[in-house]
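Here is the structure we will look at.
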2 protein chains.
Amino acid sequence: MVLQFLKALAHESRLRLLGLLATREHSVQELAAGVALKEPTVSHHLAMLREAGLVTLRQDGNTHWYGLNQKALSRLSRTVFARDQLAAFAGAEINEDDRVVRNYLTPEGRLKAFPATLKKRRPILAWLAKQFEEGRNYPESEVNELIERRHHDRETFRRELIGHRMLARKNGVYWRLPESEWVM
Amino acid sequence: MVLQFLKALAHESRLRLLGLLATREHSVQELAAGVALKEPTVSHHLAMLREAGLVTLRQDGNTHWYGLNQKALSRLSRTVFARDQLAAFAGAEINEDDRVVRNYLTPEGRLKAFPATLKKRRPILAWLAKQFEEGRNYPESEVNELIERRHHDRETFRRELIGHRMLARKNGVYWRLPESEWVM
DNA sequence: CAACTGTTTCGATGTTTATCTAATTAGACT
DNA sequence: AGTCTAATTAGATAAACATCGAAACAGTTG
């Protein structure tokens, strides 16, 4: 979150865009002229700024009016930079999924249980699937071995990995599917 | 300046490093272990953070103790994010060379004069040289034409462009040299 | 519906930057 | 001097990102 905000700010073109927006609303064309970049490029930057909540969009006809979201800006600037806030980054700035996985791991790195809720099951299966290399074939024995390193219930996890389209099987051979295929 | 500060902050590894430093001083080794990166990588990040004035360095024996520069952090966080401060970025955050060139241009984009000092001449010649495409040959007439679009004194500028190894000539044909060759 | 305008998406290209290993520097300790 | 340790620099590789032209899209206007 904070990282996204900072990354959005940390580029000259985007700072200049924000500079223009700080005075008044602008259309994409105006902005492109103002910073001497092509519309597609500006559009791309605006998308990032919007993702980060730094600008607002108001649409009128086929003109898009972008404005500065002053509130988000000052709110974040206040919160981000306190010392103890910063200290939280040491381990933090890890996303929600990682947090879920971490909570399911014993100190030795084994899974405590099979997660009941789908919300937790997905990130954990994803984590498990990542133990497999893409573009390589695994015999079932090796799949079992890899799973058992994390949890004794190899049957359930193997079945679920396939159900989520993270692993695929054919003729007793398994392989990892590309992340884009995964049912999340 | 501000851009450097933001760029320094806008990376997960560096945020995590700052997170560790927010609690107490650390050596490079400690930091490397703390963020699970190799020492050289950490060293590289620390250099950027130091450039941006975000961390302090205290050397004891051959151990380097890095600490958080809380003052710089809060000072910048306060100044950076005010609306009118931001507005200044619209034109600013342009480097010194661009500023020089801009001051030498009339509103129509022509050069006001031939710059007397070398310090100003270089960026202006560089700017002029960039009007030529690399990897293409220009007859002298076209060179003159391109220069005259910016300044009437084609002879002087042509000579200087060659002197700075931005253009080269052979048998009355000119071409632009790669930027790495330029005498700056 | 056809032509037009402003914007966004796509695909390709080039640049920047993160990271690593290996080599080098600098201080401390025999 | 030689060795040990901590850190940095160099060089190579890989990932992330900025930018552009072309194409697609959405709203407007005849």
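Labels below follow one simple rule: chain letters A, B, ... track the order of the sequence lines, proteins then strands, and each chain is numbered from 1.
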Taking only nitrogen or oxygen atoms into account, show me every contact under 3.5 Å that the protein makes with nucleotides 11-15 of chain C, one pair per line with its distance.
none

Residue-phosphate contact under 4.0 Å: [X] side-chain N/O, [N] OP1/OP2:
X: A:His45; N: D:dC17; result: no
X: A:His64; N: C:dG6; result: no
X: B:Lys7; N: C:dT17; result: yes
X: B:Ser13; N: C:dT19; result: yes

To the nearest angstrom, how far is [X] atom [atom1] from [N] atom [atom2]?
X: A:Arg50; N: C:dT8; atom1: CZ; atom2: C1'; answer: 10 Å
X: A:Met48; N: C:dT8; atom1: CE; atom2: P; answer: 15 Å
X: A:Leu31; N: C:dT7; atom1: CG; atom2: C1'; answer: 12 Å
X: B:Glu51; N: C:dT17; atom1: CD; atom2: P; answer: 13 Å
X: A:Trp65; N: C:dT8; atom1: CH2; atom2: P; answer: 13 Å
X: B:Leu6; N: C:dT17; atom1: CG; atom2: P; answer: 14 Å
X: A:Arg14; N: C:dT16; atom1: CZ; atom2: C1'; answer: 13 Å
X: A:Glu30; N: C:dT7; atom1: CD; atom2: C1'; answer: 14 Å

Is there a path from B:Met166 to B:Val173 through hydrophobic residues (I, L, V, M, F, W, Y) whose side chains come within less than 4.5 Å of each other? no

Give, for atom CE of B:Met48 and atom CD of B:Gln4, the distance between the pair rounded to the nearest 0.5 Å.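 It is 8.0 Å, given to the nearest 0.5 Å.
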
Walk me through whether B:Glu30 and B:Arg24 qualify under salt bridge (Lys or Arg N to Asp or Glu O under 4.0 Å). CA-CA 11 Å; B:Glu30 289 174 334; B:Arg24 60 171 177 83; 3.5 Å; yes

If you take all heavy atoms of B:Leu37 and B:Ser13, which pair is closest and at what distance?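 Residues B:Leu37 and B:Ser13, closest heavy atoms: CD1-OG, 3.8 Å.
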
A:Ala10 vs B:Val42, nearer the 5' end of DNA chain D by closest nucleotide: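 Closest to the 5' end, via its nearest nucleotide, is B:Val42.
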
So, the side chain of A:Asn69 versus the backbone of A:Gly53: is there a donor-acceptor pair under 3.5 Å, distance only?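 Yes, because the side chain of A:Asn69 sits within donor-acceptor range (under 3.5 Å) of the backbone of A:Gly53.
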
A:Arg14 (side chain) donor-acceptor with A:His45 (main chain) under 3.5 angstrom: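 Looks like no, no N/O pair under 3.5 Å.
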
Footprint string (nucleotides 20-30 of chain C, 5' to 3'): B base within contact, S backbone only, - free, heavy atoms under 4.0 Å: BBB---BBS--

Between A:Leu161 and A:Ile147, is there a side-chain heavy-atom distance shorter than 4.5 Å? yes

Counting the atoms with a prime plus P, OP1 and OP2 as sugar-phosphate, which does A:His44 contact under 4.0 Å by heavy atoms, base, sugar-phosphate, or nothing?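 The residue A:His44 makes base contact.
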
Under the side chain to side chain donor-acceptor pair (under 3.5 Å) rule, what pairs show up with a residue in residues 57-67 of chain A, not counting sequence neighbours?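 As it turns out, the side chain to side chain donor-acceptor pair (under 3.5 Å) pairs with a partner in residues 57-67 of chain A, which skip direct neighbours, are A:Glu25-A:Arg58, A:Gln59-A:His64.
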
Have a look at B:Arg158 and tell me which of B:Asp153, B:Leu128, B:Val143 forms a side-chain contact (heavy atoms from CB on, under 4.5 Å) with it.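 Option passing the side-chain contact (heavy atoms from CB on, under 4.5 Å) with B:Arg158: B:Val143.
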
